[in-house]
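Position 1 is the first residue of the sequence; numbering continues from there. Read the numbers this way: they start at 1 and go in the same order the structure lists the ligands and their atoms. Quick caveat: nothing in here was measured; it's all calculated off a predicted structure.
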Amino acid sequence: MEAGNFKLKENHVIGQISVPENADVTLLKGLLKESENRFNLLADASPIMIWMTDEHNQCYYFNKSWTDFTGRNVAAEAGTAWLQGVHPDDLKLFNTLEPILDRKEKYTFEYRLLRHDGQYRFIHEIGNPRFLPDGTFAGYIGSCIDVTEARATEVILANQAKELMRSNEELEQFAYVASHDLQEPLRMILSYVQLIQKNIDQGDTKRVNEFIAYVIEGTGRMQALINDLLQFSRVTRKGNPFAQVDLNEVLKIAVTHLTARIQENNAVVNISPMPVIMGDSFQLIRLFQNLIDNAIKFKTISTNPIIDINVKEKEDEYEFSVRDNGIGIEDKFYNRIFVIFQRLHNRKDYEGTGIGLAICKKIVERHGGEIWVESEKDKGSTFYFTIKK
Ligand code: ADP
């Protein structure tokens, strides 16, 4: 059989069509031939790949699009030989088709098929059972299209949609907390300025200097918040390209930056040997520095801070941990603390703007990892984060 050349299997197909006694068999054969030719012309002109099986599900027909795609002729594909072109991982999928084929139902199916150039392509296939006029099952006719590009676009679009949703949520959260937190010093500034005005109007300027000091404090706080916001937005906008980074060096620098803090608090920082990873060294210093800084800041009154920094090598990532013996965190706050400006304490007890962990989270995410905390109130906290190898 030639590629694309459709031949009726005379003995079992034509044999099952009931032919009236007095029918002109030559005429009937002529009509069948014409119908066959029409089918061949149509099928071979089609960009869709078409195949047919007999009643035992053995393929005996492939159109030109199919043989052009696989680069093998009908003889080489016939029976079940065409399955040699199916991706080995997808062959088992065909088992799920068997019950459908047994019930002789229509199906749609996807698998990877080897193209003539050695590339596996995603094929979307529709199979339709064929029945003779008397209802006898005659096999399947199938049509297949290459959906590789469409699938790739779908994956890209789905990822973009996910990323867009994530950044939208982040933006909303950001706008909410940022406006909320910036309002607070602004409200304070406004009320003291109004008070100053009222005092001046009444000719009473005794406390004006005191009120001006509050205004200055409020502006300072706003400035700090705005600077932090800028830092936060710079993590993704102004990050350096990734390079090989020796985390032993990174930690040495982070600890050096915190020397005064460590000494003032009699803190001990124990660091295990660290790996070399791909990343942004400036941001990794910041990440460890923020975590160590918090571990010292949130110490209990009675104990000196002891901080252990460890790493566990996993299959495709490293899992780092920064453990302290500080005040701990209740589990209901485990997620909240990573949101920008969210703090569990007021400024009088522990200074800060509540941005440190939000920056840590952004840095870790930029490095393809996750950050989380496990903690016990009054016993200490362990901050974990992963970074892709
Ligand atoms: P800040 O330190 O400026 O408050 P962070 O974003 O670094 O902001 O931390 C957010 C909050 O998470 C802190 O206010 C504190 O309540 C809690 N937190 C962070 N690190 C620790 C820690 N090591 N131990 C206990 N609580 C912590």
Side-chain angles (χ1 to χ4, degrees), residues 170 173-178 180-182 184-185 217-218 220-236 251 254-255 257-258 260-262 264-271 283-310 319-366 369-385:
E170 195 179 280
Q173 201 178 46
F174 181 86
Y176 173 77
V177 281
H180 186 267
D181 276 66
L182 288 171
E184 196 245 330
E217 191 207 308
R221 198 136 45 83
M222 262 195 103
Q223 216 161 29
L225 285 171
I226 291 166
N227 277 339
D228 280 349
L229 274 178
L230 199 62
Q231 294 289 342
F232 179 76
S233 76
R234 275 190 177 147
V235 175
T236 31
L251 271 155
V255 167
H257 289 170
L258 293 167
R261 187 104 155 147
I262 292 170
E264 279 162 23
N265 290 281
N266 290 318
V268 177
V269 184
N270 302 312
I271 304 171
Q283 293 189 344
L284 293 165
I285 293 171
R286 172 111 207 205
L287 170 63
F288 276 110
Q289 198 175 315
N290 283 358
L291 294 176
I292 301 169
D293 194 19
N294 278 347
I296 300 174
K297 180 158 69 172
F298 298 103
K299 64 174 191 151
T300 63
I301 302 167
S302 53
T303 46
N304 290 334
I306 300 174
I307 299 142
D308 295 304
I309 304 175
N310 286 300
E319 183 185 285
F320 299 91
S321 58
V322 178
R323 189 175 67 211
D324 64 49
N325 56 344
I327 59 173
I329 301 164
E330 279 181 71
D331 52 7
K332 63 178 174 198
F333 297 127
Y334 282 1
N335 288 326
R336 204 169 107 184
I337 54 171
F338 294 101
V339 175
I340 187 168
F341 293 146
Q342 296 285 325
R343 315 193 64 226
L344 308 179
H345 305 93
N346 73 38
R347 273 196 319 282
K348 282 183 222 82
D349 299 332
Y350 297 95
E351 58 169 64
T353 54
I355 206 147
L357 288 178
I359 288 180
C360 290
K361 184 165 187 266
K362 263 206 154 180
I363 294 173
V364 170
E365 283 170 357
R366 188 170 168 238
E370 282 180 79
I371 186 166
W372 69 98
V373 67
E374 280 167 24
S375 180
E376 210 178 321
K377 192 113 184 61
D378 304 318
K379 293 262 168 64
S381 312
T382 308
F383 282 83
Y384 293 93
F385 65 87

Give every donor-acceptor pair under 3.5 Å between a side-chain atom in residues 228-235 and any protein atom, sequence neighbours left out.
| from | atom 1 | to | atom 2 | distance (Å) |
| --- | --- | --- | --- | --- |
| Asp228 | OD2 | Thr353 | OG1 | 2.3 |
| Gln231 | OE1 | Arg286 | NH1 | 3.0 |
| Ser233 | OG | Leu230 | O | 3.1 |

Answer with yes or no after comparing the ring centroid distance for Phe385 and Phe288 against a 6.0 Å cut-off, counting only values under it.
yes
I'd like a table of donor-acceptor pairs (distance under 3.5 Å, sequence neighbours excluded) in which one partner is a side-chain atom from residues 294-309, with atom names and distances.
| from | atom 1 | to | atom 2 | distance (Å) |
| --- | --- | --- | --- | --- |
| Lys297 | NZ | Glu351 | O | 2.8 |
| Thr300 | OG1 | Thr303 | N | 3.3 |
| Thr300 | OG1 | Thr303 | OG1 | 2.4 |
| Asp308 | OD1 | Asn270 | ND2 | 2.8 |
| Asp308 | OD2 | Arg323 | NH2 | 3.1 |

Less than 4.5 Å apart, any side-chain heavy atom of Phe383 and any of Ile329?
yes
What residues form a side-chain contact (heavy atoms from CB on, under 4.5 Å) with Val339, not counting sequence neighbours?
Gln173, Gln342
Value rounded to 0.5 Å, distance of CG in Leu251 from CD1 in Ile285:
9.5 Å
Every residue of the protein that comes under 4.0 Å of ligand 1, judged on heavy atoms
Asn294, Ala295, Lys297, Phe298, Asp324, Ile327, Gly328, Ile329, Ile337, Gln342, Arg343, Leu344, His345, Gly352, Thr353, Gly354, Ile355, Gly356, Leu357, Ser381, Phe383
